[in-house]
Amino acid sequence: MQEAIVITCALTGAGPLSKNPAQPVTPRQIAESGLAAAEAGAAILHVHVRDPKTGEFSADLGYYEEAVGLIREGNPEVILNLTTGLGSGFYPKDALLPVEAGPGTHIWTPERRVEHVLKLRPEICTLDLVTAQVFGGIVISTEPVLTRMATLVREAGVKPEIELFDSGDAVLARHLIAKGALDGPGLYSFVMGLNYTMPATTETMLHMRNLLPEGAQWQGFGIGRDQFPMAMQSALLGGHVRVGMEDNVFISKGRFAASNAELVGKARRMLADLGANVASPAEARRIIGLA
């Protein structure tokens, strides 16, 4: 295991809103939930925003400004990680002839996808290397788009957390490092158990870990009921831990989590039972190589 495990809390996500009434929706709810998660032991907060009226995912800069501002005001030490995953979703008008975009499609320029990152300058932002079938559509990530996004966030002084959804994504990451678009060895997340992407198994996590450049920092996390098993497996295999309502809204079978803080607290207790130390934000900065 690592000398200290960094816990990331993914606060709300961009997928369909769950039936858990505690899942945060408004910028203030997201910020307050994040602050409580940080108090419970999360060193990194992974932030999406949602439309307060509909609960649907949003890229509204004003919502990001409000949520990030409240978090920074309440806890200037916690590390912020903003998503850049939106703007890559294709929903074909005709499922049997997927050549024309239908309702729900959001394909944006690289500049629009990272607008909030360039404005708010978090320490980390995600860079999703995925092309896959997700939530009934197709997420598309082309090399030129990823290269441009990586260049923009590098110029802003933001470290990308490279999100991998399958083994080919790790091959692409190595290619982007070799061509100079990404700095190696890198910081990675394995998204496990989502639709038709990599399964949430020990064998898969071990394989993904072994595909990374030497010296990489990483975390593997599971969706739904796989959240806590994969969190502990990640720690045991030398990675870090991610929990939160983006990926899972249950604290135990059939029982909704009362908050993101409750999920973080459970992960922290489980890590303590393994004999692991949990990193503070300052320790996390040193471990993952933030300036």
Side-chain angles (χ1 to χ4, degrees), residues 2-14 22-50 61 63-85 116-127 153 156-163 187-189 217-219 221 227 231 234-235 239-248 257-272 276-291:
Q2 295 263 10
E3 57 180 297
I5 306 295
V6 178
I7 298 178
T8 293
C9 186
L11 302 175
T12 192
Q23 184 173 1
V25 174
T26 70
R28 179 167 290 277
Q29 289 171 348
I30 291 166
E32 290 177 349
S33 186
L35 290 169
E39 185 69 24
I44 301 174
L45 301 180
H46 177 52
V47 181
H48 288 256
V49 294
R50 293 180 178 271
L61 181 58
Y63 298 155
Y64 274 109
E65 288 177 326
E66 182 179 355
V68 167
L70 288 169
I71 292 170
R72 284 174 166 164
E73 180 182 350
N75 186 338
E77 295 304 314
V78 71
I79 300 166
L80 288 173
N81 174 353
L82 303 189
T83 185
T84 68
H116 57 301
V117 173
L118 303 186
K119 172 73 173 179
L120 298 171
R121 303 294 177 97
E123 291 175 85
I124 304 173
C125 71
T126 62
L127 185 67
V153 301
V158 180
K159 186 180 185 76
E161 178 196 81
I162 304 162
E163 295 213 345
L187 173 65
Y188 301 84
S189 284
Q217 294 291 328
W218 63 276
Q219 61 187 6
F221 64 90
Q227 180 162 95
S234 182
H240 300 288
V241 165
R242 165 169 150 168
V243 294
M245 288 189 176
E246 173 172 350
D247 309 317
N248 163 58
S259 63
N260 274 303
E262 186 177 24
L263 295 170
V264 172
K266 179 174 179 177
R268 187 170 190 170
R269 291 192 301 273
M270 294 174 74
L271 288 169
N277 295 316
V278 171
S280 68
E283 291 170 326
R285 287 184 176 89
R286 177 180 57 81
I287 291 168
I288 64 178
L290 296 174

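Keep in mind that what you see is a predicted model, and the values were worked out from it rather than measured.
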Those residues that, when tested against A22, pass side-chain contact (heavy atoms from CB on, under 4.5 Å) (two or more places apart) | N20, M245
What residues form a side-chain hydrogen bond (donor to acceptor under 3.5 Å, both in side chains) with E65, not counting sequence neighbours?
-> none
When rounded to the nearest 0.5 angstrom, what is the spacing between CD1 in I124 and CG in L45?
-> 10.5 Å
May I ask you to decide if S234's main-chain N or O and Q219's side chain share a donor-acceptor pair within less than 3.5 Å?
-> no
Kindly write out the residues that satisfy side-chain hydrogen bond (donor to acceptor under 3.5 Å, both in side chains) with E73, not counting sequence neighbours, or none if the list is empty.
-> none
Taking every non-hydrogen atom, the tightest pair across A67 and V49 | CB-CG1, 4.4 Å
Do H240 and I287 have side-chain heavy atoms sitting under 4.5 Å apart?
-> yes
Side-chain contact, heavy-atom cut-off 4.5 Å: Q227 with L263?
-> yes
Looking at CD of Q29 and OG1 of T12, how far apart are the two atoms once the value is rounded to the nearest 0.5 Å?
-> 9.0 Å
Which atom pair, heavy atoms only, marks the closest approach of P122 to V158?
-> O-CG2, 3.2 Å
Pick one: which of R285, R72, K159 meets salt bridge (charged side-chain N to carboxylate O under 4.0 Å, His left out) with E123?
-> R285
Residues forming a salt bridge (charged side-chain N to carboxylate O under 4.0 Å, His left out) with E246, sequence neighbours excluded | R242
For residues 3-10, run the donor-acceptor check on the side chains, cut-off 3.5 Å, and write out each pair with its distance to 0.1 Å, sequence neighbours left out.
unit_1, atom_1, unit_2, atom_2, d
E3, OE1, R286, NH2, 3.4

Indicate the atoms forming the closest heavy-atom contact of E283 with V278, along with that distance.
-> OE1-O, 3.9 Å
Do the side chain of H46 and the main chain of N81 share a donor and acceptor less than 3.5 angstrom apart?
-> yes
Could you give all pairs that pass the side chain to side chain donor-acceptor pair (under 3.5 Å) test and reach residues 257-267, with sequence neighbours left out?
-> S33-N260
Starting from the C-alpha separation in whole Å, work towards a yes-or-no answer on side chain to side chain donor-acceptor pair (under 3.5 Å) for S189 and E161.
-> CA-CA 7 Å; S189 284; E161 178 196 81; 3.2 Å; yes
